[in-house]
There are 2 protein chains.
Amino acid sequence: MSSVAKKTVGTGAPETTSTSQATAERIPAAQRRALILEAATGVFAERGYAGSTTDQVAKAAGISQPYVVRMFGTKETLFLEALDRAQGKLLRAFREVIAAYDAGELTEELQHLDAAAGSGRPEQLKQLMAIAYADLIEDRGILMMLMQAFVAGHEPAIGARAREGFLDIYRLVRDEAGLLPETARDFLAQGMLMNTLIGIRLPEIYEQDSTAEELLECTLRSKLPMVLKASKAQRRAG
Amino acid sequence: MSSVAKKTVGTGAPETTSTSQATAERIPAAQRRALILEAATGVFAERGYAGSTTDQVAKAAGISQPYVVRMFGTKETLFLEALDRAQGKLLRAFREVIAAYDAGELTEELQHLDAAAGSGRPEQLKQLMAIAYADLIEDRGILMMLMQAFVAGHEPAIGARAREGFLDIYRLVRDEAGLLPETARDFLAQGMLMNTLIGIRLPEIYEQDSTAEELLECTLRSKLPMVLKASKAQRRAG
DNA sequence: GGTTTAAGTAATCATTCGATTACAACATCC
DNA sequence: GGATGTTGTAATCGAATGATTACTTAAACC
């Protein structure tokens with residue numbers, strides 16, 4: 001995920017310039033933007049808005065700090081764009097589930113759902129979206145990026161965007177998936193719990209604490225192994 | 001909540017010292033500690049760990065920044081103590097509900113519960129604890145202080161304490177209130193959703209957005225008016 | 001080949017912030 | 001009433017950080 005800074009690899013001959021300048025590979029600005037946003041998502045997700053520095057983002061993206069600032073103007077707009085990107089990914093994931101369901105492409109997946117929870121469209125979509133949500137944990141950046149925005153409400157621009165984004169998700173779940181307000185509420189609540197468990201890094205103590213084990217089991221269900229694997233991978237990546 | 005800095009109020013006579021030094025009222029260190037922790041809870045809840053400064057805490061407590069640092073050593077230990085305090089308040093609130101219930105002191109409150117949700121001890125305690133939880137929103141500092149700790153998991157000391165604290169709450173709900181793991185999970189999930197709605201300051205747009213209105217209604221129920229009032233009061237204090 | 005444009009960095013600046021030091025004033029004890 | 005400990009502040013320091021400026025160098029254009 002986080003790419004490492006690369007020097008321009010010479011032909012084996014000595015450096016072309018006497019002053020060895022670590023210049024990143026030159027790529028079009030649009031692509032660089034996307035790379036920076038991806039890196040920023042990881043950094044902001046990990047350390048929050050105030051706790052992150054533009055230099056950390058730059059290093060994660062393999063470029064220099066001034067370039068990050070010049071491309072996005074300010075740290076705040078960088079955060080807002082990363083937030084938009086994360087929210088977009090979440091909305092898209094949900095909409096893909098709904099579209100696939102309505103197209104009848106999920107007959108296989110339907111077999112594995114909890115039949116006791118109901119067999120109507122909203123009930124089944126709720127379960128399928130919960131799985132899609134948990135799948136996003138694997139990325140780790142996406143959901144924690146959103147979570148960090150949710151607790152940065154005191155920054156006026158971020159707070160406003162976070163409110164709008166949260167309501168967008170609620171409306172999607174209610175209007176497009178067809179959940180009743182109370183069901184939509186419960187769905188969102190489960191999501192916020194997952195975010196919290198990831199935020200406190202509970203998977204890291206899964207093996208050492210039986211309470212953590214039980215809570216994770218009963219919250220993540222079939223997605224737990226994937227989350228545990230992702231957690232270990234992230235610890236290795238440091 | 002947030003006390004204002006006060007100068008030593010003279011007798012009406014001119015200042016006793018030529019150099020007007022704004023000295024806070026002298027009170028015992030133990031009491032001062034408590035005041036600082038209360039102020040710190042508000043500041044950290046609002047802006048998070050990284051986003052808060054010891055000077056903001058000092059100003060909120062009406063004393064100087066060096067005094068804050070000297071009394072707690074570092075910003076991190078100040079945060080950790082404020083976290084302990086907040087968690088203690090939450091645990092105590094839940095335990096008081098359980099004790100009162102088991103002592104039969106809540107016959108009046110039981111009338112107002114949702115009978116459809118069940119009439120056993122766990123079901124009733126769950127509803128009563130949810131009310132107690134929502135009551136804590138009025139303070140605003142307590143729950144957001146916890147929430148801020150939950151997303152600061154990358155700070156090793158804070159993450160460890162946050163994990164332990166969250167598991168403490170889960171165990172209380174499961175073992176002392178007697179909820180099944182799945183019920184305890186749902187209870188915590190509702191709490192995390194409330195935290196999130198407070199974090200994004202959704203009550204602030206209650207009047208302007210019908211979606212926000214619906215979501216708040218169905219999440220906070222009878223506690224909504226209180227939360228809306230607290231939200232307005234906080235905006236005035238801003 | 002020479003010019004222009006796009007992609008990128010080094011150097012640096014002004015603030016901010018946590019922490020330290022040194023000092024002031026009040027209370028208490030003998 | 002002087003010594004002593006407690007409660008507090010002013011001044012300041014070093015490190016970190018977001019942003020700016022002034023360059024460099026590679027690519028594209030003609």
Side-chain angles (χ1 to χ4, degrees), chain A residues 3 5-11 15-36 39-40 43-44 47-80 155 157, chain B residues 3 5-11 15-36 39-40 43-44 47-80 155 157:
Chain A
S3 56
K6 269 192 298 188
K7 293 192 170 233
T8 43
V9 53
T11 60
E15 294 284 348
T16 46
T17 56
S18 56
T19 65
S20 76
Q21 188 163 325
T23 298
E25 195 186 356
R26 281 171 83 103
I27 61 178
Q31 292 176 38
R32 184 64 79 189
R33 259 187 98 83
L35 289 176
I36 296 177
V43 173
F44 284 134
R47 323 179 73 98
Y49 174 63
S52 302
T53 72
T54 53
D55 193 54
Q56 288 165 347
V57 173
K59 285 201 166 54
I63 56 171
S64 68
Q65 181 260 350
Y67 197 18
V68 171
V69 173
R70 216 186 38 187
M71 191 164 283
F72 290 91
T74 67
K75 180 169 115 166
E76 186 177 65
T77 60
L78 172 59
F79 186 90
L80 290 173
E155 296 267 346
Chain B
S3 56
K6 269 193 301 187
K7 294 193 171 233
T8 43
V9 52
T11 60
E15 294 286 347
T16 46
T17 57
S18 56
T19 66
S20 76
Q21 188 164 323
T23 298
E25 193 186 358
R26 281 173 81 102
I27 61 177
Q31 291 177 39
R32 184 64 78 189
R33 260 187 97 83
L35 289 176
I36 296 177
V43 173
F44 284 134
R47 324 179 74 100
Y49 174 63
S52 302
T53 72
T54 52
D55 193 54
Q56 288 164 348
V57 173
K59 285 200 167 54
I63 56 170
S64 69
Q65 181 261 350
Y67 197 17
V68 172
V69 173
R70 214 184 42 187
M71 191 163 285
F72 290 90
T74 67
K75 180 170 115 167
E76 186 178 65
T77 61
L78 172 60
F79 186 90
L80 290 173
E155 295 268 346

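In what follows, chains carry the letters A, B, and so on, assigned in the order in which the sequence lines appear, proteins first and then strands, with residues in each chain numbered from 1.
Partners of B:F44 under the ring pair (Phe, Tyr, Trp, His ring centres under 6.0 Å) rule, at least two apart in sequence or in another chain, are B:F79.
If you find the closest nucleotide of DNA chain D to A:E76 and to B:P28, the one lying nearer the 5' end belongs to B:P28.
Atom CZ of B:F79 is separated from atom C1' of C:dA19 by 19 Å (rounded to the nearest Å). If you measure from atom CD1 of B:I27 to atom P of D:dG8, you get 6 Å, rounded to the nearest angstrom. Atom-to-atom, CZ of A:F72 to P of D:dA19 comes out at 13 Å; the value is rounded to the nearest Å. In this entry the distance linking CD of B:Q56 with C1' of C:dC17 reads 10 Å, nearest Å. For B:L78 and C:dA19, the CG to P distance is 10 Å, given to the nearest whole Å. Taking atom CD on B:Q65 and atom C1' on D:dT9, their separation rounds to 11 Å, with Å as the unit. Taking atom CZ of residue B:R70 and atom P of nucleotide C:dT21, one finds them 12 Å apart after rounding to whole Å. Between the CZ atom of B:F44 and the P atom of C:dC17 there is a distance of 13 Å, rounded to whole Å.
Closest approach of A:A60 to A:V43, counting heavy atoms only: CB-CG2, 4.1 Å. Closest of all the heavy-atom pairs between B:A157 and B:L80 is O-CD2, 4.0 Å.
A close approach under 4.0 Å does occur between a side-chain nitrogen or oxygen of A:T54 and OP1 or OP2 of D:dG18. Between A:Y67 and C:dG8 there is a side-chain polar atom (N or O) within less than 4.0 angstrom of OP1 or OP2.
When distances are taken from the side chain of B:V69 to each of C:dA19, C:dA10, D:dT9, the shortest belongs to C:dA19. Checked against D:dT9, C:dT9, D:dG18, the side chain of A:K75 finds its nearest nucleotide in D:dG18.
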Could you tabulate the donor-acceptor pairs under 3.5 Å formed by side-chain atoms of residues 28-35 of chain A, not counting sequence neighbours?
unit_1: A:R32; atom_1: NH2; unit_2: A:E25; atom_2: O; d: 2.6
unit_1: A:R33; atom_1: NH1; unit_2: A:M71; atom_2: O; d: 3.3
unit_1: A:R33; atom_1: NH2; unit_2: A:E81; atom_2: OE1; d: 2.6
unit_1: A:R33; atom_1: NH2; unit_2: A:E81; atom_2: OE2; d: 2.7

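Within the 4.0 angstrom heavy-atom criterion, only backbone atoms of the sugar-phosphate kind lie near B:T53; the bases stay farther away. Nucleic acid contact class of A:R32 (heavy atoms, under 4.0 Å, all strands): sugar-phosphate only.
Residue-to-nucleotide contacts include a donor-acceptor pair under 3.5 Å from the side chain of A:R26 to the base of D:dA26.
A donor-acceptor distance shorter than 3.5 angstrom exists from the side chain of A:T77 to the backbone of A:F72, with no hydrogens or angles considered.
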